[in-house]
There are 4 protein chains.
Amino acid sequence: MPVKKVDRRTVIKESLTVFRQKGYHNATMSDIAVACGLLKGSIYHYFSSKEELMKAVIQYLHEWYKREVFALAYDTGKSGAQKLEELAAISEQIFYQEPGGCLMANIGMETANTYPEFAELIKGFFEEWIAALAFIFEEFFDSQKARSIAELSVGEIEGAVMLMQVYQDKGYLKRAHQHIKQRFIAAEAAATEKA
Amino acid sequence: MPVKKVDRRTVIKESLTVFRQKGYHNATMSDIAVACGLLKGSIYHYFSSKEELMKAVIQYLHEWYKREVFALAYDTGKSGAQKLEELAAISEQIFYQEPGGCLMANIGMETANTYPEFAELIKGFFEEWIAALAFIFEEFFDSQKARSIAELSVGEIEGAVMLMQVYQDKGYLKRAHQHIKQRFIAAEAAATEKA
Amino acid sequence: MPVKKVDRRTVIKESLTVFRQKGYHNATMSDIAVACGLLKGSIYHYFSSKEELMKAVIQYLHEWYKREVFALAYDTGKSGAQKLEELAAISEQIFYQEPGGCLMANIGMETANTYPEFAELIKGFFEEWIAALAFIFEEFFDSQKARSIAELSVGEIEGAVMLMQVYQDKGYLKRAHQHIKQRFIAAEAAATEKA
Amino acid sequence: MPVKKVDRRTVIKESLTVFRQKGYHNATMSDIAVACGLLKGSIYHYFSSKEELMKAVIQYLHEWYKREVFALAYDTGKSGAQKLEELAAISEQIFYQEPGGCLMANIGMETANTYPEFAELIKGFFEEWIAALAFIFEEFFDSQKARSIAELSVGEIEGAVMLMQVYQDKGYLKRAHQHIKQRFIAAEAAATEKA
DNA sequence: GATGAATGAGACTTCATTCAT
DNA sequence: GATGAATGAAGTCTCATTCAT
């Protein structure tokens, strides 16, 4: 028998999948326990409540994105276009491989009006995402404009992910990414020309 | 006992508010009954289940948008810019006045993976929205490009509405609308110049 | 449109069918209303409660059997064997044509321990049935023995009807009837021989 | 709070009593929970639904009869008359001690037309009962005739139990048993005489 | 006489959570 | 650390019954 390594981290990772696919209220502690290979009651050794677990999942995912995704935006060795390319690639990889769309947006929309604590954490995630994109755009735009474009871009991606889920068609995300890149390239071209 | 007449339409409209704010799973039949001034069981006089009620709400909202919003796009007496202006105005009015964001996106993201019947209806809604915007963009773009821009625009609006909820900041939606209008005006200018 | 004649008697007759097939607790006033072509509330014009309706149905069926079935046993123009033959024929006709077995036994067994008022009425029915058969057997048996055989015979028929329902096989009832007739014929033969 | 351990078997046994006395539809999960000393929801720890519980009860009772009652029929150390005697004794003991009549017949008649899954299980019970009696009768009758007498006998017993309930008079069952024994003894005498 | 909207009690069931083992 | 039995509140839904129209 393979020794089941069930630790806090495992519970979080399995819960992440369950919450992303089923949403917060529709996911039961039982669903999560099954996903972890545990019994219902055992989850409470790691997390004092479903709410705490959800928060831990959001935080874990935020950290993960920070480290694995957003960090790319600050990589000094790459051009802005390259960075956007890589961000798009990793983003598509994530959303294509893991069914259920974007946990942050899903949970955010489901609970925005009723669980302010979740919204706060989710806001932190989007804040860093926007900041990362804004950093790239600042190469050719002033700080305010860069921020504005970053917000729009995040909106475009999330909107596309939503349509992707509703339509069961991956094209939306790809096209949103292309659009974002083109906008950057156009700005780059305009800046080069001017110089 | 005073016999209040609460008709089917009223139940749908009150449910719409409850579902938009609380989501599908977090909204209880009791919540809805209270909103309607009825008892829990009385809702079942008109709808055989919570699921049926949700579907009726989606359909009602779809019809409403068709009639009150999407129709504007086909109004022959107005310019494309004017139409976009009006669509933006009415859209903002809706999303600012009624708390909870966009029911279609909220419910869509909450249930996309678990309630295919909802997703199908919601898809129908987005389909008509996209078609309406595409119709406007066809003035200056070929059919395929117009469709693509329309999809992107809907994504931008929905992404903005999501950020609006998470950030509790109405600016996102306004800026998304402005962006969409500017894209149209730029295309218009380019077309005029060429001529 | 055929004018629907919905009177008390119709309600009783339709209810009879519903109760026989679904039992007392599993039959809803709605089921009955549908069977009558009425709406739920309208039944209450004729009967003050489900319980009253059930009692009326039992009484109606009792009267019907008395008039159409049990009376045969007292027909002076026929031999005992003939009477048993005819009773068997009509009994089979009823149980074969109308699905759901014997309402009296069904309701009796379902409610014997919880609705003494039903049991009392149902007892009245069986009392007359037993008396009718006993009357026939008294031709060749003393009163006590005749009663005893009659009780056994009714038990045989009802037991057979139960097995008929569980097995979905009509043979049980037929064989029970044959057995009852043979018993009579054997007694007849013994009596003739003795003389 | 004292944690009482109420195991699956106990739930089944308590439910059996409740179902026999109140019937399937009239017995509530609350009734059963009270009988078990549990709360309503706790029953679902062992059984996923009322229907599943009912089925488990039927199966449990079937097994019990098989082991404790029907097995007697195949006991090689006893004469047929002895076996019938013992079967009658144990049968009377059961039906006299435990109020509510025969669960198999009660539930069978209540649900035959609406719950085919129950009917199937109940049929299995009667099948083994009939087979057991037929085995005894095969001592003096050919296989087909023995089966036929066994069916009749089971019908007689069940019919008697029904009358016993309706009349609240235990005599019916006793007389049915006597009748069955006498039939066997008469056959035995006939066979002996012939030899 | 009939309707149908509403009631309110109560049915079955789910589920986050607790806790002795 | 893990289990699984139990809890209790709450959820969806049903249904006999009432009553204004």
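Order of the sequence lines sets the chain letters (A, B, ...), proteins ahead of strands, with each chain counted from 1.
Spacing between atom CZ of D:Phe47 and atom C1' of F:dA5 amounts to 14 Å, rounded to whole angstrom units. To the nearest angstrom, P of E:dA5 lies 16 Å from CZ of B:Arg9. Protein atom CG of B:Leu38 is 10 Å distant from nucleotide atom C1' of E:dT7, rounded to whole Å. The interatomic distance linking B:Asp7 (CG) with E:dG4 (P) rounds to 15 Å, in whole Å. What separates CD1 of B:Ile43 from P of E:dT7 is a distance of 10 Å, to the nearest Å. Atom-to-atom, CG of D:Leu39 to C1' of E:dC12 comes out at 15 Å; the value is rounded to the nearest Å. Distance CZ (B:Arg8) to P (E:dA6): 13 Å, rounded to an integer number of Å.
Near DNA chain F, meaning a heavy atom under 4.0 Å away, there are no residues from residues 106-116 of chain D.
Note on residues 39-49 of chain A: no pairs pass salt bridge (charged side-chain N to carboxylate O under 4.0 Å, His left out), not counting sequence neighbours. Screening residues 17-29 of chain D for salt bridge (charged side-chain N to carboxylate O under 4.0 Å, His left out), with sequence neighbours left out, gives D:Arg20-D:Glu98, D:Lys22-D:Asp31.
Between C:Ala105 and C:Phe126, the shortest heavy-atom contact is N-CZ, 4.4 Å. Contact between D:Lys50 and D:His25 at its shortest, heavy atoms only, is NZ-O, 3.8 Å. Of all heavy-atom pairs between A:Thr114 and B:Gln21, the closest is CG2-O, 4.2 Å. Heavy atoms only, all atoms of each residue included: D:Gly100 and D:Asn106 are closest at O-ND2, 2.7 Å.
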- Dot-bracket encoding of pairs in DNA chain E, which uses [ ] for pseudoknotted crossings and | for another strand, Watson-Crick or G-U under 3.5 angstrom: .||||||||||||||||||||
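Side-chain contact check for C:Phe118 versus C:Glu110: every heavy-atom pair is 4.5 Å or farther apart. Side chains of C:Tyr24 and D:Asn26 form no contact here, defined as non-hydrogen atoms less than 4.5 Å apart. A:Met104 has its side chain out of reach of A:Tyr65: every pair of non-hydrogen atoms, C-beta onward, lies at least 4.5 Å apart.
Dashed line: the shortest gap from a side-chain N or O of C:His45 to OP1 or OP2 of E:dA2 is not under 4.0 Å. Proximity of B:Tyr46 to the phosphate of E:dA6: a side-chain N or O atom is located under 4.0 Å from OP1 or OP2.
In terms of modelled atom types and a separation under 3.5 Å, the side chain of A:Tyr46 and the main chain of A:Thr10 share no donor-acceptor contact.
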- Note on the structure: Going 5' to 3' through nucleotides 11-17 of chain F and flagging B where a protein heavy-atom sits under 4.0 Å of the base, S where only the sugar-phosphate is that close, and - otherwise, we get SBBBSBB
Let me have the donor-acceptor pairs involving side chains of residues 51-60 of chain A, under 3.5 Å, with sequence neighbours excluded, atom names and distances please.
from    : atom 1 : to       : atom 2 : distance (Å)
A:Glu52 : OE2    : A:Lys55  : NZ     : 3.4
A:Lys55 : NZ     : A:Glu117 : OE1    : 2.3

